[in-house]
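Structure, as structure tokens:
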Amino acid sequence: MKESKKIPGEKPARSMNFIEEIIKEDIRNGKNDGRVHTRFPPEPNGYLHIGHAKSICLNFGLGEKYRGKTNLRFDDTNPIKEEVEYVDSIMEDVKWLGFDWEDRLFYASDYFEQLYEYAVILIQKGKAYVCDMPADEISATRGTPNRPGKDSPYRDRSVEENLDLFIRMRSGEFPDGARVLRAKIDMTSPNMHMRDPVIYRILHASHHRTGDTWCIYPMYDFAHGQSDSIEGITHSICTLEFEVHRPLYDWLIREIGIYAPRQIEFARLNLNYTVMSKRKLLELVQEGKVTGWDDPRMPTISGLRRRGYTPESIRNFAEIIGVAKRDNVIDVSLLEFCIREDLNKRADRVMGVLNPVKVVIDNFPEDRVEEMEAMNNPEDPARSTRKVPFSRELYIEREDFMEDPPRKFFRMTPGREVRLRSAYIVKCESVEKDPKSGQITVIHCTYDPMTRSGMPDSNRKVKGTLHWVSARHAIESKVRLYDRLFSVPDPDNAEEGKTFKDYLNPDSLNVVKGYLEPSIREAQAGDTFQFERKGYFIVDKDSRSDALVFNRVVALRDSWAKTGHQK
RNA sequence: UGACCCAUGGUGUAAUGGUAGCACAAGAGAUUUUGGUUCUCUCGGUUUAGGUUCGAGUCCUAGUGGGUCAACCA
């Protein structure tokens, strides 16, 4: 049966992923009156990363696509790990990605009273009991995936006793760990999560929102599904590892007798050459392996933002990688493709030399300065042009000159003409070297005055075009060249005796001095540029108008370097 | 000695019993005042064995491989 009936708001561009299929089917069947309501439920115990971005784009994207709603809900049931700093950063990141939860900002802690009442319902139904065993005993009697667990000796307490004990747990009568509330399900279930899971624990800890109001806190399993239910979530989308929780999710909602959302699991994003666990990212931050959660090498959203990734590029990335149930490792080159594609259209071009060697145009008058007109973005002529000063002494990239070049080297070499971008065609006549090191100190050239850009002779065919900057007009600035944080594709998979940190790339950051054309002076933090022939760069927040700081977002594709001729 | 989930080019992801397609990566060429961009082309895939069917990537069974589950974390 092939029905090609379009659901309003649906884009025909891409085929549907399995979650969209499910939603489409639910809409067709009139489930939830055709309503679609999702949520993004982070725990505020760390910064969001690109994997969360996938989930955010999925959940909010579904909301947009099916004209539904998406809530932002903090899953804040563990006061020991959670902090306001994280709440703030998460909201900033979701907003920055371009999503809007409107008036639907929620916290699981908003529901603590309701959740408590749900627990009481369970107790009254004889479906939950207070267990006095210490944590290690509960663990020991839970069995293993292969072996069934054993009933707790407290399993058959009366409803009255359970109620009394639970009330006293709440009132603070017992110390941490003294008792827990457990769901009474089945200690022999093949699913460990159904073996009388703990649903409330005693924690005399101050909560970032509820303060000291509570000393018992619900566990994830007892908070998440019920919160979904309270908010009227129709499709509760989470990652694969929660698949085994789904029977418990459904059981609790059924036993409490409340609206039942549907949990759907998808495969989380993995990226090569990085790590994606909050714990490991936290470790890198705490041990100073990076400068912070927003270090431009981090896969965090704040890190990518500081690196120069745009929200559009990340959303497009999330779209391109798709959504499925099989484990996946995405190649970082796909992420890089997405940002290059985006920045190619929007970043203005500018010339900057990162590893300079001096060029003297011997037949160019010493005191003359010419203003060259350069296009800001050849992809978009509407972006107009700018002036770039040209003078007798220039810098070019040291690797753009070779005295004794390999074949197919199109750049400057003695006796051969090359074009200086937006300026003149020049020819290298001689070089000066440091007698000790043999390193080239000055390249002497002559220029052809008839080949200024725009003149007829400038149409002459020359092999190479080089970027340059007038030495005396150059603006010196700090340029941070970033590379991948890890030197191996799968740092999580450390060999015996090593940890992921043993695979940190020692060359992930290389700070150099850049000599940039003067038009860059106006650049503001957050502005992105293409340094022609080099890559995309963003003005960092550390930048000041008299001391510019750039981060390299990503280098340009370099098909010359790939041939292996280089160096 | 378990339960559950997953299996399509190098990496992702489509194909909803009827021509295995797309993107990235890789390679070749064209264009180019960025060795960028753009354009063209090439390479390369259904985990195995059975079964159902006129027809199977798709359905069934078994195997193999991978993943998840034994916090009072989420």
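Residue numbering restarts at 1 for every chain, and letters A, B, ... go by the order of the sequence lines.
Residues satisfying the side chain to side chain contact (heavy atoms under 4.5 Å, CB included) criterion with Glu137(A), sequence neighbours excluded, are Met133(A), Pro134(A).
The closest side-chain donor-acceptor pair between His467(A) and Glu397(A) falls under 3.5 angstrom. A side-chain N or O of His224(A) and one of Arg39(A) form a donor-acceptor pair less than 3.5 Å apart.
Note on Tyr217(A): nothing from the nucleic acid sits closer than 4.0 angstrom, heavy atoms only. If you check every strand for non-hydrogen atoms under 4.0 Å, Val198(A) touches sugar and phosphate atoms only. At the heavy-atom level, His193(A) lies under 4.0 Å from the strands shown only through sugar-phosphate atoms.
Judged by a 6.0 Å distance limit and a 45° cone about the ring axis, Arg168(A) is not positioned over the six-membered ring of Phe174(A). For the pair Arg182(A) and Tyr129(A), the cation-pi criterion (under 6.0 Å, within 45° of the ring axis) is not fulfilled. In this structure, Arg484(A) forms a cation-pi arrangement with Tyr273(A), its terminal cationic atom sitting closer than 6.0 Å to the ring centre and no more than 45° off the ring axis.
Nucleotides G65(B) and A71(B) place their C1' atoms 30 Å apart, quoted to the nearest Å. Remark: the separation of the P atoms in G29(B) and U64(B) is 48 Å, to the nearest Å.
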Distances under 3.5 Å only, N/O to N/O: pair up the protein atoms with those of nucleotides 45-47 of chain B.
none

Expected rows: protein N/O vs nucleotides 64-66 of chain B N/O, under 3.5 Å:
none

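Between the side chain of Arg326(A) and the base of U8(B), a donor-acceptor pair under 3.5 Å is found.
Counting to the nearest Å, the P atom of C4(B) and the CE atom of Met194(A) are 14 Å from each other. For the pair Ile339(A) CD1 and A23(B) P, the computed distance is 21 Å after rounding to whole Å. In this structure, Tyr273(A) atom OH and U11(B) atom C1' are separated by 12 Å, rounded to whole Å. Straight-line distance from the CD atom of Glu265(A) to the P atom of C4(B): 15 Å, rounded to whole Å. We find that CE of Met192(A) is positioned 15 Å from C1' of C72(B), with the value rounded to whole Å. Note: CE (Met169(A)) to P (C72(B)) measures 13 Å, nearest angstrom. Between the CD atom of Gln263(A) and the C1' atom of U68(B) there is a distance of 13 Å, given to the nearest Å. Put simply, CD1 on Ile216(A) is 17 Å from P on C72(B), counting in whole angstrom units.
If you check residues 140-154 of chain A against RNA chain B, the residues with a heavy atom closer than 4.0 Å are Arg142(A), Gly143(A), Thr144(A), Pro145(A), Asn146(A), listed by number.
Under the 30°/60° scheme for interplanar angles, the aromatic rings of Tyr220(A) and Phe242(A) are found to be tilted. Using cut-offs of 30° and 60° for the angle between ring planes, the His193(A) and His245(A) rings count as tilted. Note: Tyr111(A) and Phe106(A) have tilted aromatic rings, judged against thresholds of 30 and 60 degrees for the angle between ring planes. A parallel orientation is assigned to the rings of Phe531(A) and Phe537(A), their planes being inclined by less than 30° (bins at 30° and 60°). Between Tyr447(A) and Phe390(A), the ring planes are tilted. Angles from 30° to 60° get that label.
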Could you run through nucleotides 29-42 of chain B and give me one letter per nucleotide, 5' to 3': B if any protein heavy atom sits under 4.0 Å from the base, S if only the sugar-phosphate is that close, - if neither?
----BBBBS-----
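Distances shown here put every side-chain N or O of Ser333(A) at or beyond 4.0 Å from the OP1 or OP2 atom of U11(B).
Considering only heavy atoms from C-beta on, Phe18(A) comes within 4.5 Å of Ile264(A) through its side chain.
With Asn59(A) contributing its side chain and Thr38(A) its backbone, the two residues share no donor-acceptor pair below 3.5 Å.
For the pair Glu241(A) and Asp331(A), nearest-nucleotide mapping onto RNA chain B gives the more 5' position to Asp331(A).
Atom OG1 of Thr77(A) and atom CD of Glu82(A) lie 6.0 Å apart (nearest 0.5 Å). Distance CZ/Arg28(A) to CD1/Ile23(A): 13.5 Å, rounded to 0.5 Å.
In RNA chain B, runs of at least 3 consecutive Watson-Crick or G-U pairs, each pair with both distances below 3.5 Å, span B:2-7 with B:64-69, B:10-13 with B:21-24, B:26-30 with B:38-42, B:47-51 with B:59-63.
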